[in-house]
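To start, the structure itself, in structure tokens.
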Protein chains: 2
Amino acid sequence: MRAGLGIGALSKRTGVHIETIRYYERIGLIPPPPRTAGRHRVYDEAMARRLAFIARMRALGFTLDEVRTFLALVDGGRYSCAQVRDLTLAHRETVRRKIADLQALEAALGDMAAACHGDAVPDCPIIDRLGHLV
Amino acid sequence: MRAGLGIGALSKRTGVHIETIRYYERIGLIPPPPRTAGRHRVYDEAMARRLAFIARMRALGFTLDEVRTFLALVDGGRYSCAQVRDLTLAHRETVRRKIADLQALEAALGDMAAACHGDAVPDCPIIDRLGHLV
DNA sequence: GATAGGATCTGTAGGAACTACAGGTTCAAG
DNA sequence: CTTGAACCTGTAGTTCCTACAGATCCTATC
């Protein structure tokens, strides 16, 4: 494995399991990479970054279909400029809502940790902060 | 269905599918509610809020096991004060990382939308911003 | 070159987290 | 009472991984 990364190295670099990488290739989320004569996959740094991006987006709660739309933005050639603008603004709203929720959660956790300096466990306000209804 | 919510109403209130609510009950994430004589589930407002919280945490990328630990904080009586403190601080770090990633994504999307005012679709920097390796 | 052990292959099966459906019962409005 | 919507239980299917088996490839060491 000379001039690139094998799948195991890629897995370590990105935190994505080997089987998951192969799954992503199978469902078309990442392109099939070049192979050695022995059929081993060879990945480059750009692919490592792409995969790290995918992993992050998943950890942030975006579905694979949502990740696909983000990747389509990156890959280009698919949307007009107006569509890109609409798409990014819509996604941005989703992102802002997630940020707001996480900030509420962080504040609640911080409050709770700060209140926890004696023997009495304080009430945890996270449902008050994040259990509001639609 | 008089003095509470049926499962359909709860589903509408929280955005969680009926089958998902029943699934959550089956796996012990939410307690079984009281029933009518006809076996219909009856939920109260506290349960609606709990479920909305769960839905939000899932949308933010937390696994059900992570949600369980949060709920254990809420339900109390399970951890000492020191454990609560350790747990909330550890969770808070996770939350902060998610916030940072989302803020990077939001900024990238905002930049892209702002750059998209002509015919030429700009390059999308989201992988540059979120594809950094571990 | 031979060997050994780790890395990787393909394909299949299973787990987690839902999601849908079927056949039946309950509920509430007219 | 009737009707149609809401709900029940149980089973099966989908999505997104995750694990495993049997085989091949790769690389380091002798």
Next item on the list: Respond yes when some side-chain nitrogen or oxygen of B:Thr20 is under 4.0 Å from OP1 or OP2 of C:dA17, and no when none is.
Entry: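 Indeed not, no polar side-chain atom of B:Thr20 lies that close.
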
Checklist line | N/O (side chain, B:Tyr23) to phosphate O (OP1/OP2, C:dA16) under 4.0 Å | finding: no

Check: For A:Arg96, does the CZ atom sit with more than 12 other heavy atoms under 6.0 Å from it, leaving out its own atoms?
Finding: yes

Next item on the list: Might you confirm whether atom CZ of B:Arg58 has over 12 heavy atoms from other residues, nucleotides or ligands at distances under 6.0 Å?
Entry: yes

Please examine the side chains of [Y] and [X], heavy atoms only from C-beta on, and report whether any two atoms are closer than 4.5 Å.
X: A:Phe62; Y: A:Thr69; value: no
X: A:Leu71; Y: A:Arg68; value: no
X: B:Ile54; Y: B:Ile30; value: yes

In whole angstroms, how far is the [atom2] atom of [N] from the [atom1] atom of [X]?
X: A:Glu25; N: D:dC16; atom1: CD; atom2: P; value: 17 Å
X: B:Leu10; N: D:dA6; atom1: CG; atom2: P; value: 15 Å
X: B:His17; N: D:dT15; atom1: NE2; atom2: P; value: 14 Å
X: A:Ile21; N: D:dT18; atom1: CD1; atom2: P; value: 11 Å
X: A:Lys12; N: C:dT8; atom1: NZ; atom2: P; value: 7 Å
X: A:Ile7; N: C:dG6; atom1: CD1; atom2: C1'; value: 15 Å

Notebook entry, point to check: Of all the nucleotides listed (C:dA20, D:dC7, D:dT18), which has the minimum atom distance to the side chain of B:Ile18?
Noted result: D:dC7

Checklist line | Nearest-nucleotide pick for A:His40, side chain only, options being C:dA7, C:dA20, C:dT26 | finding: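 Among C:dA7, C:dA20, C:dT26, the one nearest the side chain of A:His40 is C:dA7.
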
Check: Under a single-linkage definition using a 4.5 Å side-chain heavy-atom cutoff for Ile, Leu, Val, Met, Phe, Trp and Tyr, are A:Ile27 and A:Val16 assigned to the same hydrophobic cluster?
Finding: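 Yes, one cluster joins them.
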
Next item on the list: Indicate the atoms forming the closest heavy-atom contact of A:Ala113 with B:Thr88, along with that distance.
Entry: CB-OG1, 3.4 Å

Item checked: Under 3.5 Å: donor-acceptor pair, side chain of B:Lys98, backbone of A:Lys98 -> no

Considering only nitrogen or oxygen atoms on both sides, find all protein atoms under 3.5 Å from nucleotides 9-13 of chain D and state each distance.
from, atom 1, to, atom 2, distance (Å)
D:dT9, OP1, B:Arg35, NH1, 3.1
D:dT9, OP1, B:Arg35, NH2, 3.3
D:dT9, OP1, B:Arg39, NH2, 3.2
D:dT9, OP2, B:Arg41, NH1, 3.1
D:dT9, OP2, B:Arg41, NH2, 3.2

Check: Does a donor on one side chain and an acceptor on the other come within less than 3.5 Å for B:His17 and B:Ser11?
Finding: no

Next item on the list: List in numerical order all residues of residues 57-71 of chain A for which some heavy atom is under 4.0 Å away from an atom belonging to DNA chain D.
Entry: A:Arg58, A:Leu64

